[in-house]
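Below: one structure in structure tokens.
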Amino acid sequence: MKKMILIDGNSIMFRAYYATAYPGAKLMQTGQGIYTNALFAFVGMFEKIITEDTTNALVAFDTKEPTKRHEVYKEYKAGRIKMPEELAMQIPLINQYIELTGVPIYSKAGYEADDIIGTMAKRCAKDGYHVEIYSSDRDLLQLVDDRITVNLLKKGMREVARFDPKTLFETYQLTHEQMIDLKALMGDTSDNIPGIPGVGEKTAVKLLQEYETLENVLEHKDEIKGKLGERIKEHEELAKLSKQLVTIDVDADIECQISDLEKGEVKTSELITFFQNLELHVFVKKMEEPTAKMESWEYKVIEDEHELGKILKPELAIHFELSDYNYHKAELWGVGITDGKHHYFLSPDFALTSINFQMYLSDESIKKFTYDYKAAKVFLLWQNMEFNNVVFDLLLSAYLINSHLGKEEFKRIVSNFDYEDILYDDVIYGKGAKKGLPEKEIYERHIASKAKAIFELRDPLLKQLKEQEQLHLLNDLEIPLSEVLAEMEYSGLLVDQNELKIQGKDLKERLETLEKEIHELAGITFNVSSPKQLGEILFEKLELPHGKKTKTGYSTNVEVLNDLQKHHPIIEKILDYRQLSKLHSTYIEGVRQNLFEDGKVHTIYMQALTTTGRLSSLDPNLQNIPIRTEEGRKIRKLFIPEENKYLLGSDYSQIELRVLADMANVKGLIEAFNHHEDIHTKTAQEVFHVDEVNSEQRRAAKAVNFGIIYGIGAWSLSEDINVTPKEAQAFIDQYLSIYPEIKDYMENIVNFAKENKYVETIMKRRRYIPELESPVYTQRSFGERTALNAPIQGSAADILKKAMVDLYQYLKKNKKQSKLILQVHDELILEVPESELEEMKEVVPKMMSKAIQLKVELETSCDVGTNWYELK
DNA sequence: TGTGTCACG
DNA sequence: ACGTACGTGACACAC
């Protein structure tokens, strides 16, 4: 039988909006602040309804105009809350989406979507179609018959309840005709339909089971006893009016024809662009799947040394496809190679055993292009192979052009440069537990296609880098840094396994004791690690005064707990428990899980991830090892140098403030720094007009100095230094009058950002700030703070990176055994043999200080120890 | 998978 | 009326 799908657009749209706009939810938005939550949920539902084999369908919408129902009953739908602005803004998007799917849309002034659906349903059923209606409005159940099925969306939108005459009767013990009378009797608050006051669903069903129809109920009204009978007699007219209102018009005067309901072609490429623009990437991925790319190019599988020998030459793009993001333990899935004209695939076995290939990759005089040089280089180091003289890295280049791209996957990066001949990794390999290799031809081609993309994007990206004056940044900073980081990661950091065991055992025991004590004090056992359970115990069972609440319950963070210390002895224990369990699970267990057979941890420095230009570290994160509390700091004893070596650490003193002093040309700061004054004390002296600064004053001055770097606000500063927002504001004003150049800088940089849509660092690293154009205040304010902070944080990152490259080259040139092993944003840690200790104590801090020439000196400190704990 | 929490610069 | 400092990563829990 021919199938016709009729969709109640309004009803589904509302359901889509409210499914994702529950109280406290943060509505989904694009970077520009366009709301997309309703669209997102609508598409999800729509895709389930409209499938590839749908041939006939219609989406019906209401219009704003009054309807016939308003004419007979002016209170119709009165009191209904206005459509939220956030939803109204999405209606054009939803319409646009439907149009792109090829499904016809219809609406007509004076008619509700219900009436359009009712009328078309009957017409189609008469014409021999089987009709499937989709809505979340139970009113439509009156349309059910042998040829019309109504599907009601359930709450989570995950499933639908399907009603045909049989299931309808099973569910309500009523026929479809009786559904109308049911509503007429009980009314409907959401549409402001009165029904008979005092009659609800239960009573209405009972009446209909006895008398079958509303008319028959009214006819026999005198038989009905008691209050109910009185009410029916009294409100007979209301019931009749209600019936008129709830009856769907199945013969509406609409010019929509069955022939108009043919589904058109999906406008695939436009739809992809639509989703891309609205940052709904999940749907973009789904679209890519069935639209396999035009196979307008061929690749060749290279299987022997002879063939390989013929294709190896300078300036090939080479892509190593690895099974896992953690390349220290990943396996190779294949290698893609291209010279721009011919494209090749190498199997993992061949690539890793070929002598020709090994020689080629390690050759320092042959230039190569790749994507994620560091990943390939480290992977190959584990295979005892080298990868040298890479002069173009697609990942790093894209990251420099727009630092937001670094977080994206290969496909999304290249598609940003309008290169579309690439599929998503998810689509090829699956994801999560299901990740694996598909058919040979599919993944070989995918891997070769990546090499092709690297090659073809090289020229345009280099051109753009040149225009943005960033070639230096790529060639002399990021690519050399990849080599430095590769060696650091591969070298790894040795862990004292005995210390790990001792600290682990100690922490475990103390945690068990604390847990028991906490349970005793609470008078009940519960999971102390569960913020939910803890909140209930503290604020309901123990009735402690609760502070702020979170989305899901009571807040139990350190701040809240500290304020509760005096109320109950349990709090101190909980704070201890929290601290120790953090140390145990994140650091002791974290390190243990990431230990390699060589007794070391091999972190991964993400070189193209942060939007500011900093590195980040993972598996394990070695950039957040505790130091602020003595208890936590002991974790640093786990990390030791190799035998007969020392750890040497050197860090910049207040590099970000110095960068600010330089970039904003702040006379007062420059002078203070160059006289080696304590900058916070100096600031306090100026701000408070005193010679002798007390610790409170210094703390406040320090908070402002920091706050300035983050794009300070009076409110947050007041929280930080415990004064009223007004006092904090006065404090900031005073600060800015002492350092007027900072005030100018703040204004200038925000204006620059608004004009150019980006800000840049000393070394021309860019960060685009789309939030500045957002209509949403919080987004825009965030953009302004970012404009202030990114150049400072980013320049400091540039400088340390430069120092790393300089130092690495020095060590290499002078054939030193000392090597860099850690970078923590403003400090470097090296492993140094005793014989080089004295030299390195000189060289390392000096190279860091001289990495760049600023208007202020870059001071550095230097410490040596036999474990990380001993540094500083 | 999202949330709360907390470790670092 | 509203928000309420920049940049990260990891863990446990709850759904």
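Every chain is numbered from 1 and lettered A, B, ... according to where its sequence line falls, protein lines coming before strand lines.
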Review point. If you check the A:Ser585 side chain, which of C:dC11, B:dC8, B:dT5 turns out closest?
Key: C:dC11
Exercise for review: Give a yes/no answer on whether the side chain of A:Gln533 brings an N or O atom under 4.0 Å of OP1 or OP2 in C:dA14.
Suggested key: yes
Check your understanding: Under 4.0 angstrom, heavy atoms only, what part of the nucleic acid is A:Glu589 near: base, sugar-phosphate, or nothing?
Key -> nothing
Exercise for review: Report the distance from atom CZ of A:Arg765 to atom C1' of C:dG7, rounded to the nearest whole Å.
Suggested key: 13 Å
Check your understanding: Hey, is the side chain of A:Asn527 poking within less than 4.0 Å of OP1 or OP2 on C:dC13, counting only N and O atoms?
Key -> yes
Point to revise | Contact residues, residues 602-617 of chain A to DNA chain C [heavy atom, < 4.0 Å] | key: A:Leu609, A:Thr610, A:Thr611, A:Thr612, A:Arg614, A:Ser616, A:Ser617
Check your understanding: DNA chain C: A:Thr586 or A:Gly711, which has the more 5' nearest nucleotide?
Key -> A:Gly711
**Study point:** With A:Ser482 via side-chain hydrogen bond (donor to acceptor under 3.5 Å, both in side chains) - residues at least two apart
**Key:** A:Gln607
Review point. For the side chain of A:Gln579, counting heavy atoms from C-beta on, which of B:dT5, C:dC6, B:dA7 is nearest?
Key: B:dA7
Check your understanding: Could you state the OH-C1' distance from A:Tyr577 to C:dC11, rounded to the nearest angstrom?
Key -> 12 Å
Review point. When you check the gap from the basic side-chain N to the acidic O, do A:Arg614 and A:Glu656 get nearer than 4.0 Å?
Key: yes
Point to revise | Touch class at under 4.0 angstrom, heavy-atom based, for A:Ile792 against every strand present | key: nothing
Practice item. Determine whether any donor atom in the side chain of A:Gln793 lies under 3.5 Å from an acceptor atom in the base of C:dC6, or the reverse, and answer yes or no. Key: yes
Exercise for review: Taking only the side-chain nitrogens and oxygens of A:Ser530, find out if one of them lies under 4.0 Å from OP1 or OP2 of C:dA14.
Suggested key: yes
Exercise for review: Starting at atom NE2 of A:His584, determine the distance to atom C1' of B:dC6, rounded to an integer number of angstrom.
Suggested key: 17 Å
Review point. So which pairs with a foot in residues 706-731 of chain A pass salt bridge (charged side-chain N to carboxylate O under 4.0 Å, His left out), sequence neighbours left out?
Key: none
Review point. Parallel, tilted or perpendicular for A:Tyr554 and A:Phe539, by the 30°/60° rule?
Key: tilted
Check your understanding: In whole angstroms, how far is the P atom of B:dC6 from the CZ atom of A:Arg628?
Key -> 13 Å
Check your understanding: With sequence neighbours left out, what residues match A:His602 under ring pair (Phe, Tyr, Trp, His ring centres under 6.0 Å)?
Key -> A:His328, A:Trp382, A:Phe596
Revision key, fill the gap. Among B:dG9, C:dC11, C:dC13, the one nearest any side-chain atom of A:His825 is B:dG9
**Study point:** Rounded distance in Å between the P positions of C:dT4 and B:dT3
**Key:** 15 Å
Review point. Do any pairs count as a ring pair (Phe, Tyr, Trp, His ring centres under 6.0 Å) and have a residue in residues 616-640 of chain A, sequence neighbours left out, and if so which ones?
Key: A:Phe639-A:Trp868
Check your understanding: With a 4.0 Å cut-off on heavy atoms, is A:Ser581 in touch with a base, just the backbone sugar-phosphate, or nothing at all?
Key -> nothing
Revision key, fill the gap. With sequence neighbours left out, the residues meeting salt bridge (charged side-chain N to carboxylate O under 4.0 Å, His left out) with A:Lys634 are none
Review point. Rounded to the nearest Å, what distance is computed from the NZ atom of residue A:Lys532 to the C1' atom of nucleotide C:dC11?
Key: 19 Å
Practice item. Sort by first number and list every stem of DNA chain C: at least 3 consecutive Watson-Crick or G-U wobble pairs, both distances under 3.5 Å. Key: B:1-9 with C:6-14
Study note, to complete from the structure: A:Phe673 meets the ring pair (Phe, Tyr, Trp, His ring centres under 6.0 Å) criterion, sequence neighbours left out, with none
Review point. Does the pair A:Arg785/A:Glu771 count as a salt bridge with the N-to-O cut at 4.0 Å?
Key: no
Revision key, fill the gap. Which of B:dG9, B:dC6, C:dA14 is nearest the side chain of A:Lys582? It is B:dC6
Practice item. Output all residues satisfying ring pair (Phe, Tyr, Trp, His ring centres under 6.0 Å) with A:His519, sequence neighbours left out; order by chain, then residue number. Key: A:Phe526
Check your understanding: Within the structure shown, what part of the strands sits under 4.0 Å from A:Phe706 by heavy-atom distance: base, sugar-phosphate, or nothing?
Key -> nothing
Point to revise | A:Glu857 bridged to A:Arg658 by N-O distance under 4.0 Å | key: no
Check your understanding: Looking at DNA chain B, which of residues 712-719 of chain A put a heavy atom within less than 4.0 Å of it?
Key -> none
Exercise for review: Sequence neighbours left out, what passes side-chain hydrogen bond (donor to acceptor under 3.5 Å, both in side chains) with A:Asp733? Give chain and number order.
Suggested key: A:Gln729
Review point. Side-chain N or O of A:Arg767 less than 4.0 angstrom from OP1 or OP2 on C:dC6?
Key: no
Exercise for review: Check whether any side-chain N or O of A:Ser555 sits under 4.0 Å from OP1 or OP2 of B:dT5, and answer yes or no.
Suggested key: yes
Review point. Contact class for A:Asp720 vs. all strands (heavy atom < 4.0 Å): base, sugar-phosphate, or nothing?
Key: base
Point to revise | Rounded distance (Å) that lies between atom C1' of C:dT4 and atom CD of A:Glu559 | key: 13 Å
**Study point:** Residue A:Arg578, side-chain atoms from C-beta onward, closest of B:dT5, C:dC13, C:dC6
**Key:** B:dT5
Exercise for review: Round to a whole Å and report the spacing from CG of A:Asn557 to P of B:dG4.
Suggested key: 11 Å
Exercise for review: Under 4.0 Å between any heavy atoms, over every strand shown, what does A:Leu583 touch: base, sugar-phosphate, or nothing? Just pick one.
Suggested key: nothing
Check your understanding: If you measure from the Lys or Arg side-chain nitrogens to the Asp or Glu carboxylate oxygens, is any gap between A:Glu589 and A:Arg592 under 4.0 Å?
Key -> yes
Review point. Checking all strands, does A:Asn624 fall into the base, sugar-phosphate, or nothing category for heavy-atom contacts under 4.0 angstrom?
Key: base
Point to revise | Pairing residues for A:Tyr424 by the side-chain hydrogen bond (donor to acceptor under 3.5 Å, both in side chains) criterion, not counting sequence neighbours | key: none
Check your understanding: Please give, in whole Å, the distance from B:dA7 C1' to A:Arg636 CZ?
Key -> 10 Å
